[in-house]
Amino acid sequence: MRACVCSRNLALLFPMTISSQLEAKLRAASGHADARVQPATDTRFGDYQTNIAMILAKQQRANPRQLAQEIIDKLDTAEMCEPPEIAGAGFINFRLKPMWLAERFAVLAADEKLGISAPVRPKKYVIDFSSPNVAKPMHVGHIRSTILGDALARIAAFIGHTVVRDNHIGDWGTQFGMLLHGWKNELNHAALEADPLGEMERLYKLVSARCKEDPATLDAVHHELVELQGGNEENLVLWREMQRLSQAQFDVIYSRLGISFDVTLGESFYNQWLWKVVDELVARGIARESEGALCVFSDGSVPEKEDPFLISRDGQWVDMPALVQKADGAANYTTTDLATLAYRLREFAPDEILYVTDGRQQHHFRQLFAIFRRWHPEVSARLAHVWFGSILGDDGKPFKTRSGETIKLAGLLDEAEERAFAIVSEKNPALPEAERREIARVIGLGAVKYADLLPNRQSDYVFSWDKMLALQGNTAPYLQNAYVRIRSIFRKAVEAGINSQSSTIILSEPAELVLAKKLFQFGEVLPQVLDDCRPNLLCNYLYELASTFHSFFEACHVLKADEASRASRLTLCEVTARTLQRGLGLLGIEVPERM
RNA sequence: GCGCCCGUAGCUCAGCCGGAUAGAGCAGCGGUUUUCUAAACCGCCGGUCGUGGGUUCGAGUCCCGCCGGGCGCGCCA
């Protein structure tokens with residue numbers, strides 16, 4: 001506990017990342033509030049750079065290099081940097097002093113948060129992610145929302161925000177007419193026992209196909225739905241059974257993925273407020289009748305091009321309303337989402353709500369947010385649709401099995417572990433099978449998650465087993481291996497009776513210096529990841545860190561170095577291991593001790 | 001038709017408030033191990049950033065046109 005207090009005190013003395021320290025000094029010297037310092041694009045230029053002189057020069061119509069010189073003259077960076085240099089059109093380059101870095105590294109090493117200082121104003125986030133549907137197996141379509149949402153939740157919490165993880169289950173809707181009809185007439189009890197979601201999916205497909213050719217089935221299906229919505233006890237019992245069975249299967253998957261939720265509520269939970277939402281929207285003139293339905297139309301408050309309630313047809317802007325009540329009197333998902341939004345604001349009072357869903361729902365969320373702003377103009381919470389692209393097969397089309405079926409998540413995870421097991425067994429056949437299984441689990445799941453988080457989330461990406469499990473390149477196993485190599489050093493150190501780490505850090509070798517600098521950047525990257533909801537930035541950082549470590553590992557032998565150097569390098573290794581473990585942990589990825 | 005997204009090396013992709021000689025992995029070629037896990041490291045090869053204009057001291061990035069692809073567009077969620 002004493003160490004903890006100590007690190008807090010040190011953190012108070014040195015509360016900021018290197019870039020923000022430089023920014024503070026630059027603000028003082030330039031008088032410019034948004035002075036930004038970035039890691040150098042090329043290490044030949046130095047460690048950090050700023051283009052503030054060029055920005056100011058443009059505003060003031062001044063000579064940028066001259067302005068840069070004036071800023072440098074006022075800069076007080078002698079303690080941390082070599083004298084700053086002006087380069088190119090007016091860049092100011094900073095090169096950190098190794099001695100200063102070495103002293104400061106002790107602070108980083110003592111910091112449990114690895115350089116992350118608490119936010120000035122902690123926020124409360126509600127993150128809506130995963131959202132599977134009752135009676136349908138989770139498939140690849142759920143993977144990005146689940147993994148991305150989980151990573152964002154972990155990152156926000158680590159930075160020091162409060163997070164509510166909210167799983168909005170699809171448990172209500174027209175599909176239950178089909179499911180009830182199928183359950184009552186076609187249920188295979190043995191199959192249900194063996195694979196509940198598989199059997200329910202079979203029923204759904206069977207009835208769905210039959211509906212298309214048989215009007216009598218369609219009528220029967222509709223009747224079941226009306227009965228359910230009207231509170232028919234038999235249908236409600238069956239519906240609850242479907243929920244129960246589905247949730248049990250979801251829980252298996254979430255447990256495997258190491259993902260938990262604070263709130264799991266179905267769409268049906270919000271049914272109690274739907275009428276109220278519709279009434280209020282009508283009473284306030286936000287929604288009105290059109291073609292038998294209740295709709296929200298444009299209020300003309302934004303330019304036509306940006307208006308989510310308008311669409312251009314043949315050069316004319318025409319209405320593109322959002323329905324909040326269908327002509328048959330039923331509410332739809334916009335209504336449910338509005339009720340859900342209101343509930344979350346009442347219940348959690350968040351500063352931000354993030355909806356992690358695929359990009360095809362962009363228009364829906366633009367309408368949803370616009371309606372909500374009109375309905376509750378007093379609410380200031382930020383609403384964000386964190387959308388993502390599709391997973392494609394190697395043919396460039398949506399990822400499916402060869403026969404055109406959607407790929408189920410459970411099977412996908414099985415295959416990841418199997419493939420990883422084959423590789424582990426080949427590389428390390430001497431390990432006991434149980435340990436190889438456990439390593440394969442960590443590597444296989446890590447590979448799937450990492451492959452999903454690595455691309456820019458808005459890009460579609462091509463799913464490839466070979467790429468994600470590859471042992472070289474920007475993959476989870478590559479990062480895990482860097483961690484494993486460090487653990488191996490420490491095992492060997494213990495065997496040799498060496499346990500001395502040191503707070504006196506020596507950065508004399510280039511590889512030591514580069515590694516230390518990279519470790520300082522963790523605290524700079526993480527806030528940016530959350531601001532833009534882009535975990536791929538963290539992936540890239542961790543890849544660079546692992547790569548930097550591997551180079552260090554080749555260049556600087558740890559255990560054979562002299563005592564002072566060895567102690568220093570052990571500390572570098574320890575902080576690297578902790579940063580890799582923490583960074584991967586924030587992505588929901590575990591690390592093995594050996595592999 | 002309109003809107004959103006995309007087009008960067010042979011392949012898969014980074015590059016997001018414009019900034020220095022456009023980066024990485026894979027593939028290909030050549031090296032490194034009696035020493036901490038070679039699942040590693042080091043080096044080489046490889047790009048008119050779809051295309052034509054414009055703005056700017058400076059454009060892969062911003063604006064406009066065109067070509068090509070994906071997705072969406074009133075009672076599914």
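Lettering follows sequence order; numbering is per chain, from 1.
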Spacing of [X] atom [atom1] and [Y] atom [atom2] [to the nearest 0.5 Å]:
| X | Y | atom1 | atom2 | result |
| --- | --- | --- | --- | --- |
| Q581(A) | R487(A) | CD | CZ | 8.0 Å |
| N474(A) | L479(A) | CG | CG | 6.5 Å |
| T340(A) | D128(A) | OG1 | CG | 8.0 Å |
| H32(A) | I52(A) | NE2 | CD1 | 4.0 Å |
| T406(A) | M138(A) | OG1 | CE | 12.5 Å |

With respect to the side chain of [X], which nucleotide from [options] is positioned closest?
| X | options | answer |
| --- | --- | --- |
| N93(A) | A20(B), A14(B), C57(B) | A20(B) |
| I423(A) | A39(B), C41(B), G18(B) | A39(B) |
| M595(A) | A39(B), C13(B), C36(B) | A39(B) |
| V424(A) | C36(B), G70(B), A39(B) | A39(B) |
| I443(A) | A39(B), C41(B), C57(B) | A39(B) |
| V462(A) | A20(B), G19(B), U12(B) | U12(B) |

- Message: Go nucleotide by nucleotide along RNA chain B from the 5' end; which of P455(A) and M54(A) gets its closest nucleotide reached first?
- Response: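 Mapping each residue to its closest nucleotide by heavy atoms, the 5'-most match is P455(A).
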
- Message: If you assign I55(A) and S547(A) each to the RNA chain B nucleotide with the nearest heavy atom, which residue ends up on the more 5' nucleotide?
- Response: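 This one resolves to I55(A).
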
Rounded [atom1] spacing from [N] to [M] in Å:
| N | M | atom1 | value |
| --- | --- | --- | --- |
| G53(B) | U61(B) | P | 14 Å |
| G70(B) | U12(B) | P | 15 Å |
| G3(B) | C41(B) | C1' | 50 Å |
| C5(B) | C42(B) | C1' | 40 Å |
| G52(B) | G15(B) | P | 25 Å |
| A14(B) | U51(B) | C1' | 23 Å |
| C26(B) | C66(B) | P | 41 Å |
| C6(B) | G47(B) | P | 26 Å |

- OP1, OP2 of G58(B) versus side-chain N and O of N51(A): anything below 4.0 Å?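 Checking N51(A) against G58(B): no side-chain N or O falls below 4.0 Å of OP1 or OP2.
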
- Query: Between C6(B) and S459(A), is there an OP1 or OP2 to side-chain N/O distance shorter than 4.0 Å?
  - Reply: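 Checking C6(B) against S459(A), no side-chain N or O comes under 4.0 Å of OP1 or OP2.
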
Expressed in angstrom and rounded to an integer, what is the separation of [X] atom [atom1] from [N] atom [atom2]?
| X | N | atom1 | atom2 | value |
| --- | --- | --- | --- | --- |
| L454(A) | G23(B) | CG | C1' | 14 Å |
| Y543(A) | A40(B) | OH | P | 9 Å |
| K467(A) | G25(B) | NZ | P | 13 Å |
| Y478(A) | C13(B) | OH | P | 21 Å |
| F549(A) | C36(B) | CZ | P | 13 Å |
| L479(A) | A40(B) | CG | P | 11 Å |
| Y483(A) | A39(B) | OH | C1' | 17 Å |
| I92(A) | A20(B) | CD1 | C1' | 14 Å |

Touch class at under 4.0 angstrom, heavy-atom based, for [X] against every strand present:
| X | answer |
| --- | --- |
| K560(A) | base |
| V484(A) | base |
| T41(A) | base |
| R44(A) | base |
| A87(A) | base |
| R491(A) | base |
| F45(A) | base |
| C533(A) | nothing |

- Considering residues, nucleotides and ligands other than W275(A), do more than 12 of their heavy atoms fall under 6.0 Å from its CH2?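 No, because the 6.0 Å sphere around CH2 of W275(A) holds 12 heavy atoms or fewer from other groups.
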
- Query: More than 12 foreign heavy atoms under 6.0 Å from NE2 of H222(A): is that the case here?
  - Reply: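 Count not over threshold, so no.
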
- Donor-acceptor pair under 3.5 Å, K58(A) side chain vs G19(B) base: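 For K58(A), whose side chain was compared with the base of G19(B), there is no donor-acceptor pair (under 3.5 Å).
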
- Message: Using a distance-only criterion (donor-acceptor N/O pair, under 3.5 Å, no hydrogens), is the base of A39(B) paired with the side chain of Q480(A)?
- Response: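 Answer no: no donor N or O sits under 3.5 Å from an acceptor.
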
- F553(A) vs F549(A) aromatic rings, parallel, tilted or perpendicular, using cut-offs 30° and 60°?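 Taking F549(A) first and then F553(A), their aromatic rings sit tilted (interplane angle of 30° to 60°).
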
- Between Y543(A) and Y478(A), what is the ring plane arrangement, given parallel below 30°, perpendicular above 60°, and tilted in between?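 Judged by the thresholds at 30° and 60°, the geometry between Y543(A) and Y478(A) is tilted.
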
Is [X] stacked on the base of [N], with ring centres under 5.5 Å apart and planes under 30° apart?
| X | N | result |
| --- | --- | --- |
| F91(A) | A20(B) | yes |
| F553(A) | A40(B) | no |
| H557(A) | C36(B) | yes |

- For the pair E201(A) and K205(A), evaluate salt bridge (Lys or Arg N to Asp or Glu O under 4.0 Å) and give the outcome as yes or no after the intermediate values. CA-CA 6 Å; E201(A) 186 187 37; K205(A) 284 183 180 168; 3.8 Å; yes

- Pairwise side-chain contact, F91(A) with E85(A), heavy-atom cut-off 4.5 Å (strictly under):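 Result no, sub-4.5 Å side-chain heavy-atom pair not found.
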
- Side-chain contact, heavy-atom cut-off 4.5 Å: E512(A) with R569(A)?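 Yes - at least one pair of side-chain heavy atoms lies under 4.5 Å apart.
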
- Item | Paired stretches of RNA chain B - 3 or more consecutive Watson-Crick or G-U pairs, each distance under 3.5 Å |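 The stems that RNA chain B takes part in, listed by first number, are B:1-7 with B:67-73, B:10-13 with B:23-26, B:28-32 with B:40-44, B:50-54 with B:62-66.
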
- Item | Base versus backbone protein contacts along nucleotides 71-77 of chain B [heavy-atom cut-off under 4.0 Å; B, S, -] | S-BBBSB

- Any side-chain donor paired with an acceptor under 3.5 Å for D452(A) and Y461(A)?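 Yes, a side-chain donor-acceptor pair sits under 3.5 Å.
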
